[in-house]
Amino acid sequence: MTDTETRARRVVAAPDAPRRRRSGGGPRAGTIAAFLTPFFLPFVLFYLVPVGYALWQSFRVVRRTGGQYGTSYTTFGGFHQYAQVLHNTEFWSSIGRIGLFGIVQVPVMLFVALIMALLLDTPLLKVKAFFRISAFMPYAVPGVIAAIMWSYLYSPQLSPVVDLLGHLGLHPDFLGPGAVLWSTANVSTWLWTGYNMLIMFSALQAIPQETYEAAKLDGANNWTIAWRIKVPIIAPSIVLTTVFSIIGTLQLYAEPAVLRQISSNISSTFTPNMLAYAVASGNNYQQAAAISVVIAVITFVLSFGFMRLTSKKAGL
Amino acid sequence: MRNTASRVRLAAAAVTAVASIAALAGCSSSSHSGGSSAASACAPAKGKVTLQYWNTVPGMDKVVALWNKQNPDIQVQTKDISNDQYGTISNSLKAGNAPDLAQVGYDELPNLRTQNAFVDASKCGTATADKSKFVPWTWSQTSFGGTGVFALPQDTGPMALYVRTDLFTKYHLPVPTTWDEYAADAQKLHAADKNISMTFFDPNNAEWFNGLLWQNSAKMYSYSDNKWQVSVDSAKSKQVADYWQKLIDAKEVRTDLANGSTQMYAAYQKDQIASYVGAAWGYSMFRDNLPKQAGKWSIVPMPTWSTNASSGDWGGSTVAFMKGSTHLYESVKFNTWLNTDPQALALENKLGGLYPAATAGLKMPSLSQGVPYYNNEKIFDVFAESSKNIDTDFSWGPTQKTVNLSLQDAMAKAAAGKGTLSGALSTAQAKALSSMKDLAIPAESGK
């Protein structure tokens, strides 16, 4: 993005650019405002204001006048809510659970997406349009619907898959205490692999054919081209999809919340977002706000940390 | 929790997923709230009045249409909030635009009371006079032990035992009257056929489990010495927990089914389960979802712990007088009609499946007839008797929802073999105390 900006600035500042365009600051500012308002107004109203409100809430505590029911009010409480969150074992176990989920699910999903993108990019695959559409199709399904669909496939009473495996002498318990995290991971993987594949595939499309021709002249086969040329060139898009996936993992809510309806092995505090929701539904809005802020900070640190760690290698 | 099918639950989950974001991002202004407003005085308004009434009952719009036709000066508008009932109510309270009347479950009343959600209608003479019209335990819940009139009872869920008579006959099981007999039947059935269970224990349903605790006269909350006394893990409760723990450990009851889920119906469909511990509103669930089992079901009183008749309640709702209502007089008038008028009650029972909380409602013609699905048995006589035997002293806590979630999480662990149900009660007890501390509600461990 920075590249495009500097280039644009250079173009505008070029000496041969028409002079009147530079001096006409008034109308240009108006034009910029006209273009930016549709973005900034909702951004401020529906992003900055709620974030600010959550921050403000997270520094407040509930107090109450006496009596069995009393009258409640809120007052400034410093870092009380944050201390509560940091001492909350349920919070840390949900973070741990989601960490385990991410460490396994994200690499698996991105590896599969990369393989699919590379396959799509080779001349070997004949039915490209069909393959691309069917790989991308799950992304078009809303997460909640996908989770409902999978919940039927996991459910021992209803699932044709479980039935079929039963005939083969296998009795998997997809919703058991040990398996349910990975059943959830499977839904996420199913949903997002095609989306990530498309991002990588469009990066592959941008590679000029000349590069391949040169490689072939040097004696590279398809395998070498894929691993030595294609993957390094699309590294920035792999980093991008990884960052998206880290953010998505920490925000996991819909899939486990739906599967919770059929599996008692998903607790109400299974993921950090589910914990925040449970606390908010217990009318402890202030602590829910603090939990949300902590989740946001962790997400920020992890995703930007990963970007910094990989930016040099990826050439970002 | 008056659920009918898993589809509804899943759809609700879908909405919850969206609502959660809204709740976290958009919860409105601070919970600072004063006492009762000046507008709550009980005087009839001059001219035409329009009331807002939020509820989750199917067909309620038709009941209200009947009222609107008969009362041109007091028009009522309904809004269906079944997608996110308490989220909608809580948020409206914070935003200061709560309706005049809202449907609130008994177990959520103390919670909303601590948020100053209600207005006391007892200054309206007719409201207090309503006391005699309702089943006693429902009145003590809505008046908070006689400290005011904050809601009128609407429906209840007196519990009973649903029995598959054909399976009981086949395996020569006597119909149980005590929990000991029930356990003996469960063991006998399990010994006869490993694939059949007496019932299922839904680890994700604290509301149901609370009904079982209630039946054993367990007192989960009381108030004395200027503090809430919390006794979620009392000996009475642990007795119930230990009983079910034994059945779970012996694998004589299943733990992999959720109430009202497609999976549950599938298990009943396949004759894998021989009985169901349920509430009055559940009668239509079996009738509507398992039509082929007509004539195979019978409803008998809940097994008891001693020779004394006792029962529990699972679910049911009230219609609460919400803070900020400017038309208390008219609200009382409508609320009283809605929950005591025979015509209204009959319509609510027919359209919404409500089992009335009004004593007159229990004697409705439609409730005194035999029900074809249940072999033309007069099943509502069983529920009416059950309703009479519910402990009137039971009370819910001000952070009930949080406690229920914590209990469910721990119950699920126990069902999975990590911990016990008795331990789950201790976990819930600790959560009750800490959640009340978080909301500055003075509480201590009860005796």
Side-chain angles (χ1 to χ4, degrees), chain A residues 46-47 50-51 53-54 57 60-64 66-74 84 90 142-145 147-148 151-152 155-158 173 175-177 253-254 257-258 260-269 273-274 276-289 292, chain B residues 6 9-10 13-14 16-18 20-21 23-27 30-35 86-87 90 94 110-111 113-116 144 147 202-204 223 226 228 255-258 261-263 266-267 270 398-399 401-402 405-406 408-409 411-413 415-418 435 438-442:
Chain A
F46 301 114
Y47 192 84
V51 166
Y53 181 74
Q57 283 282 307
R60 298 187 75 77
V61 287
V62 176
R63 291 281 176 267
R64 190 174 295 278
Q68 187 171 2
Y69 295 99
T71 299
S72 70
Y73 57 92
T74 62
Q84 295 276 98
E90 281 174 339
V144 171
I145 306 295
I148 291 174
S151 72
Y152 281 102
S155 173
Q157 297 288 332
L158 310 166
D173 182 7
L175 303 167
Y253 181 90
V258 171
R260 182 175 145 72
Q261 307 295 316
I262 58 156
S263 172
S264 54
N265 294 310
I266 296 180
S267 68
S268 62
T269 60
N273 263 357
M274 287 173 76
Y277 178 69
V279 171
S281 76
N283 290 310
N284 198 345
Y285 286 96
Q286 293 72 28
Q287 201 174 325
S292 309
Chain B
S6 77
R9 288 172 64 123
L10 290 168
T16 309
V18 176
S20 67
I21 297 153
L24 289 173
C27 57
S30 94
S31 60
H32 198 306
S33 39
Y86 299 111
S90 285
K94 294 198 172 213
N111 180 351
R113 177 88 195 276
T114 56
Q115 290 183 65
N116 320 108
F144 295 100
T147 60
D202 180 356
N204 223 344
Y223 188 78
N226 297 320
W228 282 81
T255 55
D256 59 338
L257 300 172
S261 66
T262 316
Q263 290 83 351
K270 293 176 187 168
T399 57
K401 196 181 234 172
T402 306
L405 278 178
S406 163
Q408 279 168 197
D409 289 347
M411 274 161 49
K413 276 193 186 150
K418 289 177 223 151
S435 60
D438 283 346
L439 295 178
I441 300 165

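Keep in mind it's a predicted model, so treat the numbers as computed, not measured.
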Checklist entry - Between B/Ile441, B/Thr114, B/Asn116, which is the residue that forms a side chain to side chain contact (heavy atoms under 4.5 Å, CB included) with A/Tyr69? => result B/Thr114
Item to check | Toward chain B, the part of A/Thr269 with a non-hydrogen atom under 4.5 Å | outcome: both
Item to check | Residue part contacting chain A, namely of B/Lys413, when any heavy atom lies under 4.5 Å | outcome: neither
Checklist outcome for this item: Of the listed B/Lys418, B/Met411, B/Lys401, B/Arg113, the one with the largest count of heavy-atom pairs under 4.5 Å with chain A is B/Arg113
Next on the checklist: Side chains of A/Ser264 and B/Asn204: any donor to acceptor distance under 3.5 Å?
Outcome noted: no
Next on the checklist: Taking B/Leu439's backbone N and O only, do any of them form a donor-acceptor pair with A/Arg64's side chain (distance below 3.5 Å, no angle check)?
Outcome noted: yes
Checklist entry - Given that the side chain runs from C-beta out, which part of B/Asn226 has a heavy atom under 4.5 Å from chain A: side chain, backbone, both or neither? => result neither
Checklist entry - Quick one: does B/Lys94's side chain get under 4.5 Å of A/Tyr285's, heavy atoms only? => result yes
Next on the checklist: Within the 4.5 Å heavy-atom criterion, are B/Gln408 and A/Ser268 side-chain neighbours or not?
Outcome noted: no
Item to check | Which atoms of A/Gln287 approach chain B - backbone, side chain, both or neither, heavy atom under 4.5 Å | outcome: side chain
Checklist entry - Does a donor on one side chain sit under 3.5 Å from an acceptor on the other, for B/Ser90 and A/Asn283? => result yes
Checklist outcome for this item: Max heavy-atom pairs within cutoff under 4.5 Å with chain B, candidates A/Gly143, A/Ser155, A/Pro177, A/Pro142, goes to A/Ser155
Item to check | CG-CG distance between B/Asp409 and A/Asn265, expressed to the nearest 0.5 angstrom | outcome: 11.0 Å
